[in-house]
Participant: 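My questions will all concern the structure given below.
Since the structure is predicted, the reported quantities are computational estimates derived from the model, not experimental observations.
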Amino acid sequence: MKRVGIIGVGKYLPKKILSNRDLEKMVDTSDEWITTRTGIKQRRIVAKEEAASDLAIKAARQALKKTGIKPQNIDLIIVATITPDMQFPATATLVQNRLGAKDAIAFDLSAACAGFIYALIVAQQFIARGTSKNALVIGSEVLSSITDWQDRNTCVLFGDGAAAAVLAEVKSGGIVSAYLGSDGSKTDLLMLPAGGSRLPASRQTIGKKLHYIKMEGNELFRLAVKLMLEAAQIAIKRAGLQAKDIDLVIPHQANVRIISAMIKRLGIPREKVYLNIQRYGNMSSASLATALCEAVEEGRVKKGDYILLDGFGAGLVWGACVIKW
Ligand SMILES: CC(C)(COP(=O)(O)OP(=O)(O)OC[C@H]1O[C@@H](n2cnc3c(N)ncnc32)[C@H](O)[C@@H]1OP(=O)(O)O)[C@@H](O)C(=O)NCCC(=O)NCCS
C-alpha cells in the first residue's frame, strides 16, 4: 500500500460578507448572542450567479497551482457537498469538465459536515491501492440556498465557501491513521426534509418550508462533543500517538463551544487548535477543508507536524484522521 499525503491546498470564499449586525436587521437576534453562543462574527454568502461548482473550481485551481499538477493529469475528483448545483449529475462532473480534467473519474460524496474527511479517506484508498495516482478532494457548499433566513435558530450558523486538497503518493508522512463512524438512527436531528424522492418539491412542501435545514441544536451539540472526541481518541491511538503529540487540531467549525468542550476532554490546549469559525460560520463540508487550507497558508502547519482533522455532521456521520505533514 502506498503512503498518501496532501501536497497542495486551495480555497475560495465568496466576496459578500454577512455580519452578525446585518443579521440583527433580518431576525430577532444580536451580535452578542451569536458571538457568545457560537463564536461566529460573520459568514460569506454567494453572489446570485454562483453555485457549488463555481466555488469548487476556484478552490481546485488554487490547490492545483500549488502542486504544479495540470488538470489533465488528475485521476480522481471527489466533491463533498450537500448543496450540489443540481440533484444530478454530480457537481464533481461539472468541475471535471470546466477544469479540463478529462482523464479524471468524478463523483460527489454526501456526508454533510464530515464530507471532507470522508472524501479524503476515500481518495486515500484509491491512491494507496494504485487505482489512481492522485486526487482532487473538494468541500464546496452554498448553505445559504437551503437556509431559512427567517429562522433565527439556524440562519445565524451557516455560510458559503469551498476548499480543495490535492492528494498523491508521498515518500514520508502523509495520512497516518483514520477513523470514520456513522449512526443512521439520528437522521431526524439535522436534515433537509423535502426535495428528494421521499418528498418531491410541491406547493405543499414549499409552503411548509421543508426545503430548508431543520435542526435540533441542543442534542446535536451534545453528540458532536462526544463523537468528535471519540473519533479523535481512536485516530490518535491508531497512529500510535498520544494527545500531547498532536501539534495542531483542525476541527469542524460548527460552534466554538463544541470545539472547546471537545479539546478540553481530549487534553489539548487551545493554542493547538485552529479556528476560523468567527470569519465563516459553519460551511459544512467546506469548513474543515478551509480551516486546513488557512492553517497551511498561515504557517501553522510545519513539515513533520502531526495534524488531527476531526469532523461531525448530519447522518450522523463523523470521523478523524492524523496526518504527518
Ligand atoms: C444552535 C445552538 C447555537 C443553540 O445554542 P444554545 O446555547 O444551545 O441555545 P438554545 O437552543 O438552548 O436556545 C436558547 C435560547 O436562545 C434562543 N435563540 C436561538 N437562536 C437565537 C438567536 N439566533 N438569537 C437569539 N436567541 C436565539 C432560543 O429561542 C432559546 O430561547 P428560549 O430559551 O426563550 O426558548 C447550539 O445548540 C449549537 O451550536 N448546536 C449544534 C449545532 C450544530 O453543530 N449543527 C451542525 C452540526 S454539523
Participant: If every non-hydrogen atom of L248 is compared with every non-hydrogen atom of A295, which pair is closest and at what distance?
Facilitator: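 Result for this residue pair: CD2-CB, 3.9 Å.
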Participant: Is K186 salt-bridged to E219, going by a charged N under 4.0 Å from an acidic O?
Facilitator: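 Not counted as a salt bridge, because no side-chain N and carboxylate O are separated by less than 4.0 Å.
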Participant: Evaluate side chain to side chain donor-acceptor pair (under 3.5 Å) for T38 paired with R257, printing each intermediate quantity in order.
Facilitator: CA-CA 7 Å; T38 71; R257 292 188 296 128; over 6 Å; no
Participant: Is the closest basic N to carboxylate O distance between R44 and D160 below 4.0 Å?
Facilitator: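 Judged by the 4.0 Å cut-off on N to carboxylate O distance, R44 and D160 do not form a salt bridge.
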Participant: Take T35 and W33 through the side-chain contact (heavy atoms from CB on, under 4.5 Å) test and state the conclusion after the steps.
Facilitator: CA-CA 6 Å; T35 307; W33 192 97; over 6 Å; no
Participant: How close do D310 and I117 get, counting heavy atoms only, and between which atoms?
Facilitator: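 Minimum heavy-atom separation between D310 and I117: N-CD1, 4.2 Å.
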Participant: Determine, step by step, whether N282 and H252 satisfy the side-chain contact (heavy atoms from CB on, under 4.5 Å) criterion, reporting the C-alpha distance in whole Å, the side-chain angles of both residues, the deciding distance to 0.1 Å, and the verdict.
Facilitator: CA-CA 8 Å; N282 181 350; H252 172 52; 3.0 Å; yes
Participant: Cluster partners of I57, using ILVMFWY side-chain heavy atoms under 4.5 angstrom, listed by chain and number?
Facilitator: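 Under the 4.5 Å side-chain rule, I57 groups with I7, L64, I69, I74, I77, V79, V95, L99, L136, I138, V166, V170.
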Participant: Between F312 and V225, is any pair of side-chain heavy atoms under 4.5 Å apart?
Facilitator: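 When only atoms from C-beta onward are counted, V225 and F312 do not touch, as no gap falls below 4.5 Å.
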Participant: Can you tell me if T93 uses its side chain to pair, donor with acceptor, with the backbone of P89 under 3.5 Å?
Facilitator: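 No; judged by distance alone, with no hydrogens or angles, the pair does not exist.
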Participant: What about L180 and L223, same hydrophobic cluster or not, with Ile/Leu/Val/Met/Phe/Trp/Tyr joined at side-chain heavy-atom distances under 4.5 Å?
Facilitator: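 Different clusters.
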Participant: Mind checking who shares a hydrophobic cluster with L210, ILVMFWY linked at side-chain heavy-atom distances under 4.5 Å?
Facilitator: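 Taking Ile, Leu, Val, Met, Phe, Trp and Tyr as members, L210 shares its hydrophobic cluster with L199.
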Participant: Please check this pair: side chain of D247 against backbone of Y306, looking for a donor-acceptor N/O pair closer than 3.5 Å.
Facilitator: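 Checked: pair present.
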Participant: Specify the closest pair of heavy atoms between P84 and D108, including all atoms of both residues, with the distance to one decimal.
Facilitator: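 Scanning both residues, the minimum pair turns out to be CB-OD2, 4.1 Å.
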Participant: Looking at N134 and D75, would you say the former's side chain and the latter's main chain have a donor-acceptor pair under 3.5 Å?
Facilitator: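 Yes, the answer is positive, given that a donor and an acceptor are paired below the 3.5 Å cut-off.
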Participant: Would you kindly say whether E298 and Y274 are connected by a side-chain donor-acceptor distance under 3.5 Å?
Facilitator: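 Per modelled atom types, E298 and Y274 side chains form a pair under 3.5 Å.
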Participant: Can you tell me which residue pairs pass the salt bridge (charged side-chain N to carboxylate O under 4.0 Å, His left out) test with a partner in residues 79-102, sequence neighbours excluded?
Facilitator: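 For residues 79-102: D54-R98.
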Participant: Could you tell me if the side chain of L76 sits less than 4.5 Å from the side chain of K133, heavy atoms only?
Facilitator: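 A side-chain contact under 4.5 Å is absent here.
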Participant: Working to the nearest 0.5 Å, report the span between CD1 of I258 and CD of Q253.
Facilitator: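 That separation rounds to 11.0 Å.
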Participant: Answer yes when R300 and E294 have at least one side-chain N-carboxylate O distance shorter than 4.0 Å, and no when they do not.
Facilitator: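 Result for this pair is no, no salt bridge flagged.
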Participant: With a 4.5 Å heavy-atom cut-off, do M228 and P251 have their side chains touching?
Facilitator: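 Side chain of M228 against side chain of P251, heavy atoms only: contact under 4.5 Å found.
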Participant: Under 4.5 Å between any side-chain heavy atoms of L229 and K226, yes or no?
Facilitator: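 They are not in contact (no side-chain heavy atoms under 4.5 Å apart), so the answer is no.
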Participant: Distance check, rounded to the nearest 0.5 Å: I34 atom CD1 versus E24 atom CD?
Facilitator: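 Separation between the atoms: 7.0 Å.
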Participant: Around Q150, counting heavy atoms of other residues, nucleotides and ligands shown, do more than 12 lie under 6.0 Å from its CD?
Facilitator: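 It does not: Q150 CD has 12 such atoms or fewer within range.
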Participant: Evaluate the side chain to side chain donor-acceptor pair (under 3.5 Å) criterion for residues E141 and S285: first the C-alpha distance (whole Å), next the side-chain angles of each, then the deciding distance (0.1 Å), finally the verdict.
Facilitator: CA-CA 7 Å; E141 302 288 5; S285 70; 2.8 Å; yes
Participant: Mind listing the closest non-hydrogen atom pair of A119 and V137 along with its distance?
Facilitator: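 Nearest pair, atom of A119 first, then V137: CB-CG1, 3.6 Å.
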Participant: Nearest 0.5 Å, what's the CD1-OG distance between I17 and S19?
Facilitator: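 Separation between the atoms: 8.5 Å.
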Participant: Answer whether the closest heavy-atom distance between the side chains of L308 and I250 falls below 4.5 Å.
Facilitator: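 The answer is no; the side chains never approach within 4.5 Å.
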Participant: Is there a side-chain contact between V296 and W325 (heavy atoms, below 4.5 Å)?
Facilitator: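 Side-chain contact under 4.5 Å: yes.
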Participant: Given side chains that start at C-beta, do those of L309 and I323 come closer than 4.5 Å, heavy atoms only?
Facilitator: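 A side-chain contact under 4.5 Å exists here.
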Participant: Out of curiosity, does M215 fall in the hydrophobic cluster containing L227 (side-chain heavy atoms, cut-off under 4.5 Å, transitive links)?
Facilitator: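 Shared cluster, yes.
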Participant: To the nearest 0.5 Å, what is the distance between NZ on K58 and CG on L13?
Facilitator: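 These two atoms lie 11.5 Å from each other.
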Participant: Under a 4.5 Å side-chain heavy-atom rule over Ile, Leu, Val, Met, Phe, Trp and Tyr, are L220 and V256 clustered together?
Facilitator: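 Looking at the clustering, V256 is in the same group as L220.
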Participant: Do any N or O atoms from the side chain of D305 and from the backbone of I307 form a donor-acceptor pair under 3.5 angstrom?
Facilitator: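 Between the backbone of I307 and the side chain of D305 there is no qualifying donor-acceptor contact (under 3.5 Å).
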Participant: Does the pair V322 and Y179 meet the rule for a side-chain contact (heavy atoms from CB on, under 4.5 Å), with working shown?
Facilitator: CA-CA 9 Å; V322 174; Y179 168 78; over 6 Å; no
Participant: Using the rule that Ile, Leu, Val, Met, Phe, Trp and Tyr join whenever any side-chain heavy atoms are under 4.5 Å apart, tell me whether L157 and L18 fall into a single cluster.
Facilitator: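 Yes, same cluster.
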Participant: Y118 and S182: side chain to side chain donor-acceptor pair (under 3.5 Å), yes or no, with the steps?
Facilitator: CA-CA 11 Å; Y118 263 65; S182 305; 2.8 Å; yes
Participant: Check whether any side-chain heavy atom of I82 lies under 4.5 Å from a side-chain heavy atom of L143, and answer yes or no.
Facilitator: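 A side-chain contact under 4.5 Å exists here.
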Participant: Does the R3 side chain pair with the main chain of G174, one donor and one acceptor, at a distance under 3.5 Å?
Facilitator: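 Side chain of R3 to backbone of G174: no pair is present.
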Participant: Main chain of D28, side chain of R152: is a donor-acceptor contact present, judged purely on distance under 3.5 Å?
Facilitator: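 Yes; at least one donor-acceptor contact below 3.5 Å.
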Participant: Per the salt bridge (charged side-chain N to carboxylate O under 4.0 Å, His left out) rule, what does the pair list look like for residues 61-71, sequence neighbours excluded?
Facilitator: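 Qualifying pairs: none.
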Participant: With a sphere of 6.0 Å drawn around CZ of R279, does it hold more than 12 non-hydrogen atoms of other residues, nucleotides or ligands?
Facilitator: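 Check passes, neighbour count above 12.
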Participant: Quick check: closest heavy atoms across L94 and S53, and the distance to 0.1 Å?
Facilitator: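 In terms of heavy atoms, the two residues are closest at CB-CB, 4.2 Å.
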Participant: In terms of hydrophobic clustering (I, L, V, M, F, W, Y; side-chain heavy atoms under 4.5 Å; direct or indirect links), are I45 and I40 co-clustered?
Facilitator: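 Looking at the clustering, I40 is in the same group as I45.
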Participant: Say whether, by atom type as modelled, one donor and one acceptor occur between the side chain of T290 and the main chain of A286 under 3.5 angstrom.
Facilitator: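 Flag set: sc T290 to bb A286 pair under 3.5 Å.
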Participant: For a side-chain contact (heavy atoms from CB on, under 4.5 Å) check, start with the C-alpha distance between S172 and K303, then their side-chain angles and the critical distance, and finish with the verdict.
Facilitator: CA-CA 10 Å; S172 62; K303 193 163 168 48; 4.1 Å; yes
Participant: Is the backbone of A104 close enough, under 3.5 Å, to the side chain of Q96 for a donor and an acceptor to pair up by distance?
Facilitator: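 Flag set: sc Q96 to bb A104 pair under 3.5 Å.
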Participant: Is a side-chain donor-acceptor pair under 3.5 Å present for E50 with Y12?
Facilitator: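 Present: a donor and an acceptor within the cut-off.
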Participant: Which residue pairs pass the salt bridge (charged side-chain N to carboxylate O under 4.0 Å, His left out) test when at least one of the two sits in residues 203-216, sequence neighbours left out?
Facilitator: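 Sorted result for residues 203-216: D148-K209.
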Participant: When you measure from the side chain of R222 to the backbone N and O of N218, does any donor-acceptor pair fall under 3.5 Å?
Facilitator: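 No; judged by distance alone, with no hydrogens or angles, the pair does not exist.
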Participant: Determine all donor-acceptor pairs shorter than 3.5 Å in which one atom belongs to a side chain in residues 187-198; sequence neighbours excluded.
Facilitator:
none

Participant: What distance do I213 atom CD1 and F158 atom CZ have between them, rounded to the nearest 0.5 Å?
Facilitator: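 Between I213 CD1 and F158 CZ, I get 4.0 Å after rounding to 0.5 Å.
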Participant: Quick check against the 3.5 Å criterion: does D31 have a side-chain atom that pairs as donor or acceptor with the backbone of K41?
Facilitator: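 Checked: no pair found.
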Participant: Mind checking the CD1-CD1 spacing from I78 to I121? Nearest 0.5 Å is all I need.
Facilitator: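 Going from CD1 on I78 over to CD1 on I121, the span is 10.5 Å.
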Participant: Which atom pair, heavy atoms only, marks the closest approach of T83 to A52?
Facilitator: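 Smallest heavy-atom distance, with atoms named: O-CB, 3.2 Å.
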